[in-house]
2 protein chains.
Amino acid sequence: MSERRYHHGNLRAALVDAGLDLTRDGGAAALGLREATRRVGVSPNAAYRHFSDRRALLGAVARRVQELMAERMAVPAPTSSDDDAQQARAQLHAVGMGYIEFALAEPGWFAVAFFPSPGDQPDDDEGTGTDPADAPPFRMLVQALDALVAAGALEADARQGAEWPCWSAVHGFADLAIHGPLRGLPTEQLRALADRTVSAIIAGLGG
Amino acid sequence: MSERRYHHGNLRAALVDAGLDLTRDGGAAALGLREATRRVGVSPNAAYRHFSDRRALLGAVARRVQELMAERMAVPAPTSSDDDAQQARAQLHAVGMGYIEFALAEPGWFAVAFFPSPGDQPDDDEGTGTDPADAPPFRMLVQALDALVAAGALEADARQGAEWPCWSAVHGFADLAIHGPLRGLPTEQLRALADRTVSAIIAGLGG
DNA sequence: ACTGCTATGTTGACACTGTAGACAATGCAC
DNA sequence: GTGCATTGTCTACAGTGTCAACATAGCAGT
């Protein structure tokens with residue numbers, strides 16, 4: 001098992017795993033090329049065979065985090081209630097709360113998941129790799145909003161672009177709660193504020 | 001003028017100014033201790049006479065940016081309309097849009113202004129210096145919300161903690177628009193989405 | 001089965017960063 | 001003027017990302 005072969009076998013995956021470890025506490029800044037390779041037991045430059053850049057590795061880690069996030073945001077199985085509209089609203093609410101709760105539970109990962117500010121803007125679009133608009137958590141939001149329309153709880157006019165107010169609210173709240181003035185508040189209180197925020201943005205969508 | 005005296009005279013201020021220059025494009029990552037001192041024409045370690053740390057300098061820059069932000073968010077002078085409630089709502093709306101517009105106009109500065117993720121959390125509260133809750137832009141938000149209550153446009157119950165949904169929405173939108181999937185959208189479209197976001201969160205406050 | 005190519009990992013080096021400690025110049029208080 | 005606290009410099013160290021040249025391993029084709 002621990003025979004050190006010259007070829008690692010699956011370095012790329014191993015580096016991403018190391019990246020997950022490092023970013024979990026410490027966020028993006030904690031992911032160093034040298035540190036990651038050190039953990040895997042490989043020379044620093046080996047990483048360059050799999051990633052063009054430190055930022056490329058970070059991007060790969062980010063995509064994995066997005067998947068983890070979507071898994072944790074599992075929807076609470078639509079209880080067979082009669083009120084479709086109410087249920088759709090509840091689902092959207094759950095998606096929002098799931099987003100925030102993941103952020104609170106894994107602040108380091110969350111800081112990496114979407115658009116890491118540490119490096120400057122990625123120069124070009126395809127720099128980090130994937131379009132953030134098809135990040136799994138985002139798709140969940142889209143789905144929930146569509147369901148809201150289908151249930152008649154949201155006008156078709158108001159549907160257009162509704163993703164952004166929603167995402168804005170939960171994303172902003174997460175940032176405030178992790179790095180901002182809300183940091184350190186007791187979980188219960190935090191959850192109450194999150195609930196208020198999510199409820200408010202959903203309620204305000206109609207107008 | 002350009003006589004190089006041994007003592008710079010006002011190094012601290014000069015370093016902060018250099019920091020403003022550096023962060024303006026490039027955000028927090030662009031503020032290097034060595035680079036800043038180089039610009040001022042002073043040895044790297046001179047900075048340590050005025051700041052304990054690179055992060056301390058960054059904090060000083062952040063506070064200056066917050067002031068700049070508040071200046072740019074100048075309220076549009078309450079037009080003497082008869083409808084108090086409508087006017088209060090408009091003021092709150094203007095504060096939110098001002099926040100976002102500053103962020104869009106000065107993305108580098110905005111990234112530094114509040115809670116720079118680059119470094120990890122500041123270890124202790126008083127690390128960066130001031131409580132983010134009395135950042136000038138935040139005070140403007142508080143004021144606008146109070147005015148809303150005074151005008152009868154917001155129940156006293158709903159007033160409590162209303163800062164956070166509001167701040168969350170605009171802050172999140174700014175992040176999405178700068179680093180996120182909204183990046184690069186034409187200004188006009190961006191402004192429309194911002195408007196929608198701000199309107200939504202205000203409309204949703206009552207519930 | 002041997003040969004050669006390509007993918008993968010290593011070594012050494014460079015320029016850069018933040019930070020620490022010992023030293024030098026300055027300007028203010030007496 | 002003298003002495004001292006403030007402010008800036010120099011040297012040095014550990015750490016980083018990245019590049020170029022080299023070494024090894026495994027696979028393809030004869």
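Chain letters run A, B, ... following the sequence lines, proteins first, then strands; residues in each count from 1.
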Look at the side chain of A/Ser43 and decide which nucleotide, out of D/dG8, D/dT11, C/dT10, has an atom nearest to it. C/dT10
A/Phe138 side chain reached by A/Phe114 side chain, heavy atoms, under 4.5 Å: no
Whole-Å distance separating the CG atom of A/Leu11 from the C1' atom of D/dG26: 16 Å
Any side-chain heavy-atom pair from B/Met97 and B/Arg191 closer than 4.5 angstrom? yes
Applying ring pair (Phe, Tyr, Trp, His ring centres under 6.0 Å), run through B/His171 and B/Phe110 and close with a yes or a no. CA-CA 10 Å; B/His171 187 77; B/Phe110 177 73; 5.4 Å; yes
Side chains of A/Glu35 and A/Arg39 in contact at under 4.5 Å (non-hydrogen atoms): yes
Salt bridge check: are A/Glu106 and A/Arg72 linked by an N-O gap of less than 4.0 Å? yes
Is the distance from OP1 or OP2 of C/dG18 to the nearest side-chain N or O of B/Arg54 less than 4.0 Å? yes
Spacing of A/Leu33 atom CG relative to C/dT17 atom P, expressed in whole Å: 18 Å
Comparing A/Arg49 and A/Arg34 on DNA chain C - which has the more 5′ nearest nucleotide: A/Arg49
Can you tell me how far P of C/dG18 sits from CG of B/Leu15, to the nearest Å? 12 Å
Measure from CG on A/Leu31 to P on D/dG17 and round the result to the nearest Å. 8 Å
What's the closest nucleotide to the side chain of A/Asp53 if the choices are D/dT18, C/dG9, C/dT10? D/dT18
Distance-only donor-acceptor test, B/Asn45 side-chain atoms vs C/dG18 base atoms, 3.5 Å: no
Residue whose closest nucleotide on DNA chain C lies nearer the 5' end, B/Tyr48 versus A/His50: A/His50
Using heavy atoms to find the nearest nucleotide of DNA chain D for A/Ser52 and B/Asn10 separately, return the residue whose nucleotide is more 5′. B/Asn10
Euclidean distance, atom CZ of residue A/Arg38 to atom P of D/dG15 [Å, nearest integer]: 8 Å
Of D/dG8, C/dT17, C/dT10, the nucleotide closest to the side chain of A/Val42 is C/dT10
Rounded to whole Å, CG of B/Leu58 lies from C1' of C/dG18 at a distance of 13 Å
If I take atom CD in residue B/Glu35 and atom C1' in nucleotide C/dC16, what distance separates them, rounded to the nearest angstrom? 11 Å
